[in-house]
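Structure first, then comments.
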Amino acid sequence: MELTGAQALIKSLESQGVEVIFGLPGGAILPVYDPIIDSSIRHVLVRHEQGAGHAAEGYAQVTGRPGVAMVTSGPAATNIVTPLANAYMDSTPLVVVTGQVARGSIGTDAFQEVDTTGVTAGVTKHNWLVTDPERIVQVVAEAFHVATTGRPGPVLIDFPKDVANARLTWHEPSPVDLPGYRPAGPPDPASIAEAADLVLSARRPVCYVGGGVVKSGASVALAELVELTGIPVTTTLMARGAFPDSHPLSLGMPGMHGTYAAVTAMQRADLLLALGSRFDDRVTGRVDAFAPGARVVHVDVDRAEIGKVRRADVAVVADCRLALEALVAELRRRAREQPDALEPGRLAAWVEQLAGFKERFPLTYDEAAEGGSRAAGSLKPQQVIEELRDATPEDTILVSGVGQHQMWASQFWRFEHPRTWVNSGGLGTMGFAVPAAIGAKVGRPDRMVWAVDGDGCFQMTAQELVTASAERIPVKIAILNNAYLGMVRQWQQMFYEERYSEVYLSPDLPDYVGWAEAMGCVGLRVATPEEVRPAIEKANDVEDRPVVIDFRIDSMEQVFPMVPAGSSNDEIVVHPSQRALLEQDRR
Amino acid sequence: MSPPNAPGPGAAPVVPLAGQAGSGPARPSRAAARPAYHLVSLLVENRAGVLVRVSGLFARRGFNIYSLAVAPTDDPRFSRISIVVDVESAPLEQVVAQLDKLVNVVRIDELHPLDARQAELLLVTVGADAVSRAQVIQLAEVFGAKVVDVGAEALTLRFASVPEALDDFEEVLRPYGIRAIQRTGRIALPKLGKSVEGP
Ligand SMILES: Cc1ncc(C[n+]2csc(CCOP(=O)(O)OP(=O)(O)O)c2C)c(N)n1
Ligand SMILES: [Mg+2]
């Protein structure tokens with residue numbers, strides 16, 4: 001069958017099982033937009049290419065399948081650099097296709113020419129400039145293979161216009177043969193045996209669970225490990241949902257805004273089982289003071305993560321699920337040989353100590369003043385999250401932006417299932433939430449999708465709600481409107497003597513309700529605690545269009561606990577109401 | 001020019017005695033502490049942009065390249081890149097693990113300097129007037145360098161040897177005025193018997 005390069009590209013995407021492309025056309029990619037008309041693939045027309053990228057990320061994070069975005073050359077390619085960087089940090093599988101000027105024009109500063117593969121080399125797992133039409137089919141196969149295997153990540157295919165217009169004969173791709181690409185697979189049994197030794201001898205162990213557990217589908221294996229060993233669990237910002245928050249051994253999130261129990265458990269542990277986690281600075285605080293008494297078993301599919309920040313006593317370079325399954329099997333074998341090896345009493349003192357931390361230093365906030373008025377300060381963001389949590393189905397997908405609202409969402413939601421939490425972790429990209437929620441809803445139309453967004457973040461990518469309205473993608477957005485770039489303000493509050501520099505926004509400008517309505521959404525405003533629940537319920541009932549709720553929250557609320565940047569995790573600052581108790585404890 | 005721990009000349013001899021030329025500074029014994037530099041030999045796919053990916057990775061990750069040499073192998077599908085990495089900038093395992101993630105990098109050999117045959121080539125244009133010309137030519141002969149160009153006030157010399165000998169040669173020429181110098185960077189292969197197979 002004779003076809004054009006553009007047709008070959010679309011046909012290749014179809015045969016990869018792609019069901020949706022998020023994109024926006026332009027000159028260099030024009031030929032590829034023609035066969036889209038006849039394709040089974042749904043195309044979602046975004047309003048800005050950054051939206052295409054984040055939507056593809058949201059889709060990928062909830063489905064586990066690669067998200068696909070397609071944009072033109074030059075400014076469109078640079079517009080999608082942020083999502084690539086975001087996906088690279090958070091190991092999200094993406095395949096991004098960019099148009100490029102014709103091969104003969106490359107290097108001439110042609111109209112809308114950008115060295116896209118050069119620009120994106122540092123933020124993609126790999127990228128390809130297709131210079132030979134005969135390579136199209138194979139490059140697409142390679143791209144999906146690289147994006148989805150090993151440590152997942154974004155890849156980019158740069159597609160010159162004349163390659164799209166070239167003619168070729170269709171052929172199936174050959175098996176992918178990339179001699180320099182060898183993703184890790186199952187674990188080395190010797191490393192599993194060593195890990196088991198450390199697990200059996202530990203008396204203060206903690207599972208430090210990262211996003212790799214979600215990505216590799218290791219939640220079931222993790223639950224088995226915890227059932228078998230009784231080891232308590234912390235789930236990082238990227239791993240919320242990998243282990244149920246309702247489990248008695250769940251300590252919540254570690255790190256800068258983690259729970260006292262999670263942070264302190266890691267500080268006092270004698271063993272960290274680091275599972276698909278990477279010792280991010282937001283988790284470790286000052287590295288040389290992090291978990292000083294702990295030995296480390298580090299399981300990661302990416303060998304470069306082992307020892308990058310913290311030396312591992314046992315390195316398991318493997319897919320997290322396979323490693324956990326092997327560890328569970330090994331521990332079961334040991335327990336058969338030596339029946340008291342995993343006797344629950346061995347961890348009793350530790351588990352009891354941690355339960356005490358949870359009980360005495362729970363996440364907390366000052367309730368709104370009695371009979372709250374519309375005055376500022378009457379509505380607490382944490383209350384909004386709690387009510388949202390309680391008024392939505394348990395399998396609701398929660399998406400967030402970046403800032404205080406993100407931390408409150410992660411803290412006060414209750415995550416019970418993997419792939420129900422979508423956020424920008426490593427890059428901290430403001431503007432992520434709205435388009436990512438759209439992608440999530442496209443990927444899981446059966447689920448309710450709520451985004452908790454900041455007023456600052458919302459203003460960065462709100463225009464994608466036009467996309468959502470036009471495409472009838474009924475996402476729900478809760479803006480925690482504190483009229484501030486709140487997270488930055490909190491740092492100025494704590495570390496710059498309340499000298500507030502360029503962080504004030506405004507509660508009323510823009511008018512979020514009017515803006516939402518102009519974009520075809522239902523817009524609601526909530527200013528008092530009593531209005532919260534009815535508004536959420538009203539939003540839950542809207543199924544034919546997006547909903548935006550402008551929650552006017554206490555603008556000076558802060559996120560606690562907090563480990564100040566550069567400090568040791570031992571210097572965790574708890575909520576003001578808990579400080580006296582903590583002082584007492586420390587003495 | 002030399003990074004803190006790069007192999008460099010010892011106290012520069014003013015005029016080397018015959019037989020001492022090219023011996024370089026005292027070598028560390030095998031038992032001595034870790035080497036002063038990392039030597040990494042990469043087999044890469046011979047494709048456009050590969051060198052950018054490799055050097056870009058060094059820049060991004062904050063690893064310092066001291067020298068880099070690249071050329072195709074006998075199999076035109078592959079090139080070999082020899083890189084000398086400043087030991088202070090990164091632990092070798094991290095450099096290697098990051099390089100290993102590049103799709104176009106087919107294999108990586110970390111060469112211990114004592115287990116590698118190393119070589120380097122230099123071209124140098126050095127001042128040589130009527131007074132000094134004979135001395136410069138004599139030095140070249142002592143080191144085994146070749147005169148490849150002759151001008152009224154200068155000579156251009158070519159010298160290939162182990163890198164430490166190049167350091168020495170450079171040092172002895174310095175008093176005559178080095179007008180221009182180009183070194184290729186260290187290239188290396190494993191010593192026979194220490195070898196790791198492959199193209
Ligand atoms: C693109 C981008 N620019 C700047 C920042 C720095 N930053 C981090 S949080 C934040 C404030 C976010 O404000 P808002 O969305 O209102 O959230 P809040 O903290 O008030 O909940 C800023 C500016 C960022 N993370 N991303
Ligand atoms: Mg805000």
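Lettering of chains follows the sequences in order, A, B, ..., and the numbering in each one begins at 1. Side chains included, hydrogens not; waters and symmetry mates left out as well; all remaining heavy atoms used.
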**B:Arg133 atom CZ, over 12 foreign heavy atoms within 6.0 Å** = yes

* Does B:Arg174 CZ have over 12 foreign heavy atoms under 6.0 Å away? -> yes

For B:Arg117, look at atom CZ and say whether over 12 heavy atoms of other residues, nucleotides or ligands are found less than 6.0 Å away.
no

Among residues 112-128 of chain A, residues within the sub-4.5 Å heavy-atom range of chain B, in order of number, are A:Ala121, A:Gly122, A:Lys125, A:His126, A:Asn127

For this session: Evaluate whether atom CG of A:Asp109 has more than 12 neighbouring non-hydrogen atoms of other residues, nucleotides or ligands under 6.0 angstrom away.
Result: no

For residues 92-104 of chain B against chain A, heavy atoms under 4.5 Å, the residues are B:Gln94, B:Val96, B:Ala97, B:Gln98, B:Asp100, B:Lys101, B:Leu102, B:Val103, B:Asn104

